[in-house]
Structures are given as structure tokens and as C-alpha cells.
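Scroll down for the structure; my scribbles are underneath it.
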Amino acid sequence: MYDPKSVEEKWRRSWAERRTNEPDLDGAARPYYNLMMFPYPSAEGLHVGNLYAFTGADFHARFQRLNGQDVFEPIGFDAFGIHSENYALKVGAHPMDLIPKSIANFTRQLERSGIMFDWSHTVDTTDPDYYRWTQWIFLQLYHAGLAVKKEAPVNWCPSCKTVLANEQVEGGRCERCGTEVGQRLLSQWFFRITEYVERLLANLDWIDWSQSTLTAQRNWIGRSEGALLRFRLAAGGEDSLEVFTTRPDTIFGATFMVLAPEHPLVEELTTPDRREEVESYRAAAAAVDLVERRKADERTKTGVFTGGYAVNPATGEDIPVWIADYVLMEYGTGAIMAVPGHDQRDFDFARQFGLEIRPVVAPADVVAGAADPASLDLDLGDSAFVEHTADERLINSGEFSGQVASEGAVRIVEWLGREGLGEPRVNYRLHDWCISRQRYWGPPIPILYCGECGTVPVPEEDLPVVLPYLEQFKPGDDGIAPLAKDESFYRTTCPSCGGEATRETDVSDTFLDSSWYFLRYPSTDFDDRAIDPERTARWLPVDTYIGGEEHAVLHLLYSRFITMALHDLGHVPFEEPYVRFRKHGLIIREGAKMSKTKGNVVNPDEYIERYGADTFRTYLMFLGPYQEGGDFRDSGIVGPQRFLSRVVDAVEAAVAEGLGGFPDRDVERAVHQTIKQATEDFASLSFNTAIAALMELLNALRAAGRVPTLDEIRPLVIMLGPIAPHLAEELWEMLGEEPSLFENGSWPTFDPAKLATDTVEIPVQVNGKLRATIALETGASEEEAKTAALADESVMRHVGEASIRKTIYVPDRLLNLVVG
RNA sequence: GCGAAAGUGGCGGAAUCGGUAGACGCGCCAGCCUUAGGAGCUGGUGGCCCGAGGGCCGUGGGGGUUCGAGUCCCCCCUUUCGCACCA
């Protein structure tokens, strides 16, 4: 009789007493750091998606443990951020009161889940003992010149008079009041992640990560090679327009220029007669929020002519300068040379406003048939010519006409370079990381502003800058950050001159909290240092990190950057934090995405209460391939439940019978086969097939009412350890072994010799179609196989009178007779 | 639009150095046990045809390579996820 409740309670208590899950952080001989993404502790409690992620990571951890590793598996809470703050606002509570309750609830749920967390090393990002070190990291970056203040646009709700995160803007409107959102320029703190972009990119070539995650990071970084070109203004003067282009070969086709509406030279270029129109266009562009502005969709191109001209450095022609919102200030230089012949966006724009379209690239065969490539009329039809071929040629491009385009590009840049009008340039999509948040629920940025000394970092010994308990933490009616309303917080004295100073009132981004939490876990015992050198050297970098793909870019990229920066500053001895990263899949329910509005969210508590944590774990990992996710169907959970209960029956029967050894060769082979299969599956995180293999073994051990021997069933019990740890521990004890399984047990090994069989069943095909299966001695020769096959009635019937033209024989696998 | 992944029984899913498609589980069917069963045990279960010996079809669709294709190649369709006017 299997009673999960009592079994699980018994072993939960035993593990806590024995400190089974707390490795010796200073003395472990084979340290293995198994990390999972720490959760945001929502008030709703633990989501099954969290548990799915953690359970898979725990399967892996326990497998490593049984293989002799000293596994460190910590957990913590990512509790700062807009999410908590908004929830608190919604329910009319204070995050400082709410979060501890949520954490307590999460902890209770996690403790019942059977995951081998080391609860003596947890982290809570909202704890001053944690965020003092988050602030310390800010200071390290500040002193290294990697934290700088600059102006940047933010979303702004004119009704709520507050800054909004991109996620808070829905369809161009404020998610709270429905007012149209605009932009505002604000001075904010940035981390100069772009300084590290080449290293962040280069290391992707060797870190062992899920392929799709690597690709996502590469795309996010968005490296593109091209050139920076300078266009003088036709009106003369010092200023010139700089553009980034990946197609410098098309410069002869640049018939106009387009600037982002916010571009600083718009003012200078605009002629008096155009001023009114330009101003109103700029105002309209500023009224569209950042999110909406980027939604390409079906938006038709808009723009206005500034009245100004620039000089195309290749043709020497004056070309008109326009502004349009399809050019983004934050990419490249915020200005483009428009080549409507070879860029669809420019083409659309030129069509819209009747601007000249001049083709300058053509397929090689077209050029070959032309008399003079420097003067070639080409009809583009309804779209720009953008298809790239290796041999396409330049046309209508002066002395470069007729050259292969890719070579022409190099020549043209060289040519312009001699005039000081251009140079090769690599551009990135990645921007510096804005860490300022004009909100309440985050760590205050440790900076002071002094009338005498200017910007002053808070001295390390004054950390933490404690976030005060503010009754009114709501983002203000006046656009001022919540902390800016608390005089007792922001009024202070300057540590360098002793004069009056004010504190920075923005808090930092949650992603900063999570960018280093894994560095803290092993060092939580120390309150005089963030990262203990010895502990860090022993346990880091992380051996395996498992998490969701939704963090493929931001969190994983930011934490790589912070680690790299700390490495350069001498705080950690490695520059990549996660040796191995594996993404897990997403879990859906009954074929549909889980959501609160649909009311189909799985509440782990209910299932654990009803079936026990072991059954729930087993089902979560059985329902599909871990790295791809799966469909949680209530009807499916009884499978694992029956399986575990049959394991109990089998072990009880084996113990009652009390026999050892391997009396049955086929069963012994099945045991070895299963060990092989399960070992490989566990190593590759294929937990669903590992569980299936154990089910198969159990079926074999119990076939036709047989009772397994103790030796037959012991490996099964051990391999059940990572899957159903409480039950495996109970059965381990039942087998007379010394608890804990995870301290004393070791993963079984298989004997390749025991895998072999005397005979094999192989399929016989005639002309590729299966006609029979025959039993052969293992390793039988082709002749023997053929003889046996031809003795088979069904084979003979299909061979008939025809002669065998060809025989394909794969020993122990297949025989195919080709007749005709 | 770009990028990534994926389409297999009634269902969740196995099997990809090309070699017996459907492991394992759910469900379903039959039988056993039981006063009873939303319990347990045994066996069966891709579809169609059938003269009961077998035959044909079958991994989103269409072509191809091969003795042999779920697996490799080309074209198309669908779904999911990420990015999205990136110059």
C-alpha cells in the first residue's frame, strides 16, 4: 500500500535533519553547481510552470548527485520590480508587507515539491543585505566608467503624468487610464554593455548552450558590417550628415536622405518656408509612443521635406533631406541615405512623395548585355531590386560601373575614405542598458548630487542606501519619482565636501538584481563581501543552468555582461557565468495556453495534496520532452500514479520473498538495457523516455505475475531516485539499505556483455517490403540469413520464380532481397 | 517581413550516423477478481479489405534520391515562439 503523504513527510523531515541537501561549500571534493532561474514570488503562489522548470533541473541535480557529485542547488526570490509594485497598487497594499507573505507561501510550496534545495543559502533581492551588494556592483561599474548618465526617450502618460515601461503600453495607450502615450527625454543611468559587445558575441562560439538561445542572442546583438558615410550640407558649414549603411555600393543611387524626426540637424536644415510643417510633424512623431512607433505593420510611410539639401559624395549632386518616422534615432546615426532602387522602405517612400528612383545594381547577365553599364536604363517595376546574388554588378555608378557589387562596395569606401567622407563601420542593434527606473520598488541607485562636487558615488562603507518605507509609493501625479517626494531620503550631505547634497531618486532595473544572484548564493554566509573569492573559485562558474527561453536575451545577456565586467575588475576569475545552459520547454494545458483569464491554471498544491509530490513530479517530466514542453492533461497523471504504486508492490513482494541474484537471463538483460537507456536519457535531459524505460523494466520484472529478486529491483529503486525521491528513499530503506539514498546510493552501471543476446529477430524484406521476420543467431552470416529467409514460406511466395538480383544484409538488423 | 522550432493513432508522445513506424502512458474493448467499484490483475487496440491465409494503405501536401525514407534533398501548406521600418 502506497501512501505518499506519510512517506513524503517522513523523508522531508529526515533530509532536513540530516542536512542532506546542504553540501560542504568549503570542502566539497566534486562541486557541481546546478542552477535554475529564481522566481518572482507572485501573490498567487507558485505556478506550475515554475515547478516544471525546477523539477527538470532537480532531476538533473539528483542524477549528478547519485553519480558522485557534490551538488549545490540553491533557490531564491527575484522580488523587486514593477510587477510586484503594480500588484501592490492594485490590491491597495504595500510591497514591503506583501512580498514577505508571498515569499513565505512560495517557500512552503517549494518545500513540499521534493526539490533538493539548499535552504541555508537563499537570496531575496529586496533584502538590504542583498541589494547593498547590487548597489556595490553599480559602484564598481561606475568607477570603471561603465555606468554613465545620458538622456534617453521614455514612454510618458500625460494623464497619469508618469513614465511607463514598454510592457505598460498597450496599443499606444496607457494600460491604466487609456490615454495616448507619448515620449519624453529624461536623463538616465546606462551601463555601457556595448563596450563588451564583441566579446559577448565571440564567446557565443564556445559556450555550451541550447542552440536556439545562442541564435536569439546573436540576433539580439545584431552585428552588421557596413560603412559610415558623411554627406556635406549643400548650404555649407561645419556640420555634415553621417549615415550608417550596409550597402555603400549603392551610394550612386542615394537620391535623397531621411533623418529621424528627433535628429539634431533637423533644426539647421529646415528652411523658413518648411518650418511650420516640419515642426508639426516632429510634434506628431513625439506623440507616438516608442512601442507603437516600432510597429511596422501596414503603416504607410509618412514624412516631410525639410527644404534643406545635402551633397551626395559620390555623384556630387544636391539631394533633398527629408524627415520621416521610419528612420529611428536609436539605430545607427538616426539618419539614412535613401537608395529607393535597392531598399523597399526607401522605394515606398520615394513612390509616396515622387522622389527619384535610380537603379545602381543589376544582375550580371543584364549588365553583360548592356552597351554601357555607366548609363543603363533599368525598369524596376513595383518594387526595389533587393535580391542579392554573388555576381550582381554596379550600374550607373560612374567609374565603378560594371564592377561586382561586393567588390565595388570596398572600393567605394576606400575612395570616400581618401576624402574623409567615409570609413568601414560595424554597427549593432544592441544598445547600452538603461538601468534607471522612475519607480519605487527597486534598489536606490547609490549616487549623490552635490552643488560643489557634482555627481558623487555613495562610499562603499555607506551601503546599503536603504529603500525607505513610503506610504505613497505610487508613481507621482507630477512626474517625479516616488523617492523624490521623501525629503528625509533624498536630502543628505556630500561625503566629499560635507555640503548639502541630494540623492539620486531613481531605482535600478530588476534585471540588475538578477544579473548576479548566482554569484551570491555560495557567499551568502558573508556579510562583509559580495563574492567570496574561495567559495567562488570552488563553485563557479555554474555547471548547468536550466531556464526558460523567455530570458534568452535580456537576463542571460545582462548577467554575462556583469560577469565579464566583474572579471575585468578582478572580482571573479572567469568571464562566462554559465558553462552549460539548457532551455526547457513550455507547458500548456489540454492543448491551450494556461492563463488566469481562461481559468485553466494548474495549481500545484491541489495535485500534490491529492497525488503526492512524487507522482506530480513524475507526471510533469513524463508528459513530454523536457526541452520542448508538453501538454498537461489531468487524465494522464494516473499513469505515473499507478506506476509508482506498482513499484511499491514489486519491492514489497521482493522483500517478502527475500531472494537475490539474477535467475533469469532475459530479465538480467532487461536490467542492464534499462540502466544503459536511463543513463543516456538522464544525461541528455530526456526524462520522459527515461521514465518510460523504467516503466518498461518494471513490466518485465513483474511479467506474468513473477516476483523480482532484490538484486533485480535495487537498480530500479536507485534510478527512481531523481524521479520520485521520497518514494525511492523509502524503498531504499525497505531494501535494508542505510539512508539516505542520496548520500549512500550510487547510480548503477551496466555491463555491455550482459546486453548481448544469443538470437535476434530480424526483418526480411523483399523489394523493400516487409514480408517476414526470422530468428537468427547473433552475428549470423549473410549466407545463413539468406538460407533462413528462403526457408520462410511468406518470403518464398514473394520471391516466387524471380531471381535474386541483389541482397542487402545488415548483420543483426535486416535482410532485403531485391528480386526481379 | 526576418529568425527559430515543429507537424506521427482517439489523446500525450516514442523512434532521426536511412534499416520491423507507433516504445511508454492515457483512453477504449474483452476477460478475471469483487457484494460493489472512478480499485486491482490478464490480454487486445493505426486505418481499410478479406476467401482468415493474408493483402493494401499509412508519419501535413506534392515531387526527388535510395534496395529501403517519419528520418536526406527541392517546392508548398499549417502551427507555435521570438524579433519586428535595424538602414
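None of these values were measured; they are calculated from a predicted model. Order of the sequence lines fixes the chain letters, A, B, ..., with proteins taken first and strands second; residue numbering starts at 1 for each chain.
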Could you tell me the separation between the CG atom of A:Leu694 and the C1' atom of B:G25, rounded to a whole number of Å? 14 Å
Over how many whole Å does the gap from A:Leu814 atom CG to B:U66 atom C1' extend? 13 Å
Pair A:Thr674, A:Gln677: side-chain N/O donor-acceptor within cut-off below 3.5 Å: no
Comparing A:Pro640 and A:Pro763 on RNA chain B - which has the more 5′ nearest nucleotide: A:Pro763
How long is the line joining CD of A:Glu628 and P of B:G13, in whole Å? 9 Å
Length of the line joining A:Asn816:CG and B:G68:P, which is rounded to integer Å: 8 Å
Touch check for A:Thr773, heavy atoms < 4.0 angstrom, all strands: base, sugar-phosphate only, or nothing? base
Cation-pi check, A:Arg560 to A:Trp220: give yes when NZ or CZ is under 6.0 Å from the six-membered ring centre and within 45° of the ring axis, no otherwise. no
When you measure from the centre of the six-membered ring of A:Tyr326, is the NZ or CZ of A:Lys301 closer than 6.0 Å and no more than 45° off the axis? yes
Are A:Glu680 and A:Lys676 ion-paired here, with the side-chain N under 4.0 Å from a carboxylate O? yes
Tell me whether A:Asp208 is salt-bridged to A:Arg582, with the criterion being a basic N under 4.0 Å from an acidic carboxylate O. yes
A:Leu770 CG - B:C67 P separation (whole Å): 19 Å
Would you indicate whether A:Arg223, at its atom CZ, is surrounded by more than 12 heavy atoms from other residues, nucleotides or ligands within a distance under 6.0 Å? yes
Does B:C67 have OP1 or OP2 sitting under 4.0 Å from an N or O in the side chain of A:Arg805? no
Measure from CE on A:Met594 to C1' on B:U80 and round the result to the nearest Å. 16 Å
Using a heavy-atom cut-off of under 4.0 Å over every strand shown, decide if A:Glu696 touches base, sugar-phosphate, or nothing. sugar-phosphate
Below 4.0 angstrom from OP1 or OP2 of B:C81, is there any side-chain N or O of A:Lys593? yes
How long is the line joining CG of A:Leu557 and C1' of B:G82, in whole Å? 15 Å
Which helical stems does RNA chain B take part in, if a stem means at least 3 consecutive Watson-Crick or G-U pairs with both distances below 3.5 Å? B:1-7 with B:77-83, B:10-12 with B:24-26, B:27-32 with B:40-45, B:46-49 with B:54-57, B:60-64 with B:72-76
